[in-house]
Amino acid sequence: MTAQNSATLPAPIAVQGHTGRANGTVLAALGVVAFSLTFPATVWGMESFGPWSFVALRSVLAALIAGVFLLALRVPLPGRAHWAGLAVVAAGVVIGFPLLTTLALRTSSTSHAAVVVGLLPLTTAALAALRTGVRPSPAFWAAAVAGAVVVLGFTLAQSGGALSAGDGFLFASLLVCAAGYTEGARLTKVLPGWQVIGWALVLCLPLTLAGSALGVAHEPVHLTAHGITGLLWAAAGSSFLGLYVWYRGMAEIGPARASQLQLAQPLLTLVWAVALLGERLTPAAPLAAGAVLVCIAVTQRVK
């Protein structure tokens with residue numbers, strides 16, 4: 001190898017790293033778009049199902065989708081060292097967050113429930129820093145806190161500034177979801193993202209099958225087009241495809257940086273709430289969206 005060839009090697013490596021980060025940002029952003037439809041889909045789903053049967057059925061359907069892929073591709077079982085982490089992912093994002101937020105949506109509007117997502121990026125970044133030891137810069141934390149304040153202020157204004165009866169469920173969902181995100185991001189270093197969420201869904205299948213049977217037996221079922229559409233999106237879009245691209249994105253850019261893209265999620269959810277559920281949106285939405293985009297841009301550029 002000549003000295004000239006040796007000198008040119010770092011350039012493609014740098015481009016590859018930049019490309020990987022850009023791809024990770026795009027994938028995580030696609031996950032955010034998928035997640036932003038979860039609350040409206042849940043409201044639609046509860047036109048047909050009770051909260052317990054809805055959560056269990058969405059997890060069963062998502063597990064069946066994941067199982068088909070795992071079997072078709074003959075994916076071997078994860079190593080024993082990974083099952084504890086998969087259990088955290090399952091408890092946080094397969095069971096905990098969907099159940100807690102669905103219970104909250106019985107008494108909270110979609111706009112008010114978006115407060116959860118407004119705090120989730122900051123909660124995820126904090127847990128990721130504790131779990132992984134990665135310490136973002138003060139500029140990152142300043143932008144993250146500013147974004148959370150903007151989102152919280154906007155969503156609380158949308159809901160009249162009052163706390164609802166479902167807020168206990170909403171705040172509890174923050175912790176379990178952030179833990180699931182953080183542990184899932186760690187596992188994507190050794191397993192493909194779709195396998196992480198796929199095995200987490202399959203791990204819960206015995207529990208969710210039992211929950212589906214009990215829920216359908218004890219809660220009323222009135223099938224409607226909205227209800228079925230909401231269930232299918234929550235299962236395929238939010239619980240499988242959304243989490244697949246989300247974990248892949250986090251593996252590329254890290255959970256702290258990826259989590260800040262979720263600052264846009266409450267505003268997207270509010271847009272869907274207006275378009276799909278007929279909820280009202282104030283003129284402050286464009287201003288809040290602009291401020292949030294500035295905060296996201298800062299968190300993506302600083303180390």
Side-chain angles (χ1 to χ4, degrees), residues 26-78 82-83 85-99 101-102 176-177 180-181 183-185 187-188 190-216 221 223-251 265 272:
V26 171
L27 289 170
L30 289 174
V32 170
V33 174
F35 297 155
S36 70
L37 279 159
T38 302
F39 285 173
T42 300
V43 172
W44 272 11
M46 286 197 293
E47 291 183 11
S48 295
F49 306 96
W52 294 90
S53 52
F54 176 80
V55 172
L57 285 169
R58 69 176 273 188
S59 297
V60 168
L61 292 176
L64 293 177
I65 295 171
V68 168
F69 280 98
L70 292 168
L71 287 173
L73 297 175
R74 299 181 180 180
V75 177
L77 288 171
H82 304 322
W83 282 106
L86 289 170
V88 174
V89 175
V93 302
V94 177
I95 300 295
F97 187 78
L99 178 59
T101 53
T102 299
V176 297
C177 189
Y181 281 171
E183 196 63 22
L187 286 171
T188 54
V190 293
L191 293 173
W194 75 273
Q195 291 184 26
V196 171
I197 186 57
W199 286 119
L201 286 163
V202 171
L203 181 65
C204 291
L205 191 54
L207 179 62
T208 54
L209 279 172
S212 298
L214 289 172
V216 171
V221 175
L223 296 182
T224 66
H226 276 177
I228 295 173
T229 301
L231 177 63
L232 291 177
W233 176 259
S238 300
S239 295
F240 183 70
L241 294 177
L243 285 169
Y244 162 61
V245 294
W246 175 247
Y247 280 132
R248 281 198 61 185
M250 283 200 293
Q265 187 172 326
W272 299 128

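Fair warning: this is a prediction, and the values are worked out from it, not measured in the lab.
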Shortest non-hydrogen separation from [X] to [Y] and the atoms involved:
| X | Y | result |
| --- | --- | --- |
| Leu203 | Ala90 | CD2-CB, 4.3 Å |
| Gly242 | Ala34 | CA-CB, 3.8 Å |
| Leu201 | Ser59 | CD2-O, 4.2 Å |
| Thr101 | Pro98 | OG1-O, 3.3 Å |
| Ile228 | Ser48 | N-OG, 4.3 Å |
| Val60 | Leu209 | CG2-N, 3.8 Å |

For Trp83 and Trp199, take the angle between the two ring planes, folded into 0 to 90°, and tell me which bin it lands in: parallel under 30, tilted 30 to 60, perpendicular over 60.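 Plane angle over 60°, so perpendicular.
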Kindly assign one of parallel, tilted or perpendicular to the pair Trp246 and Phe35, based on the angle between their ring planes and the thresholds 30° and 60°.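 Aromatic pair Trp246/Phe35 classed perpendicular.
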Does Trp233 form a side-chain contact (heavy atoms from CB on, under 4.5 Å) with Thr42? I'd like the steps, not just the answer. CA-CA 9 Å; Trp233 176 259; Thr42 300; over 6 Å; no
Value rounded to 0.5 Å, distance of [atom1] in [X] from [atom2] in [Y]:
| X | Y | atom1 | atom2 | answer |
| --- | --- | --- | --- | --- |
| Ile65 | Ile197 | CD1 | CD1 | 11.5 Å |
| Leu27 | Met250 | CG | CE | 11.5 Å |
| Phe39 | Thr102 | CZ | OG1 | 8.0 Å |
| Phe97 | Tyr181 | CZ | OH | 6.0 Å |
| Phe54 | Leu99 | CZ | CG | 11.5 Å |
| His82 | Leu77 | NE2 | CG | 11.5 Å |

Would Leu30 and Leu241 count as a side-chain contact (heavy atoms from CB on, under 4.5 Å) here? Give the steps. CA-CA 10 Å; Leu30 289 174; Leu241 294 177; over 6 Å; no
Could you walk me through whether Val94 and Leu243 pass side-chain contact (heavy atoms from CB on, under 4.5 Å), step by step? CA-CA 10 Å; Val94 177; Leu243 285 169; 5.5 Å; no
I'd like to check the ring pair (Phe, Tyr, Trp, His ring centres under 6.0 Å) partners of Tyr247; sequence neighbours left out, ordered by chain and number.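 Testing Tyr247 for ring pair (Phe, Tyr, Trp, His ring centres under 6.0 Å), a comparison that skips the adjacent residues, returns none.
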Any sub-3.5 Å donor-acceptor pair from [X]'s side-chain atoms to [Y]'s backbone N or O?
| X | Y | answer |
| --- | --- | --- |
| Ser239 | Ala236 | no |
| Thr188 | Ala185 | yes |
| Ser53 | Phe49 | no |

Between Thr38 and Ser238, a side-chain donor and acceptor under 3.5 Å: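 Short answer, yes.
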Scan side-chain atoms only and decide if Ser36 and Trp272 contain a donor-acceptor pair under the 3.5 Å cut-off.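 Side chains of Ser36 and Trp272: pair found under 3.5 Å.
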Do Trp52 and Leu214 have side-chain heavy atoms sitting under 4.5 Å apart?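 A side-chain contact under 4.5 Å is absent here.
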Taking C-beta and beyond as the side chain, do Ile95 and Val55 meet within less than 4.5 Å on heavy atoms?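 With C-beta onward as the side chain, the pair stays apart.
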Who are the side chain to side chain contact (heavy atoms under 4.5 Å, CB included) partners of Val33, not counting sequence neighbours?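 Partners of Val33 by the side chain to side chain contact (heavy atoms under 4.5 Å, CB included) criterion, ordered by chain and then number, come out as Leu268.
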Run Val26 and Val245 through side-chain contact (heavy atoms from CB on, under 4.5 Å) and show every step you take. CA-CA 9 Å; Val26 171; Val245 294; over 6 Å; no
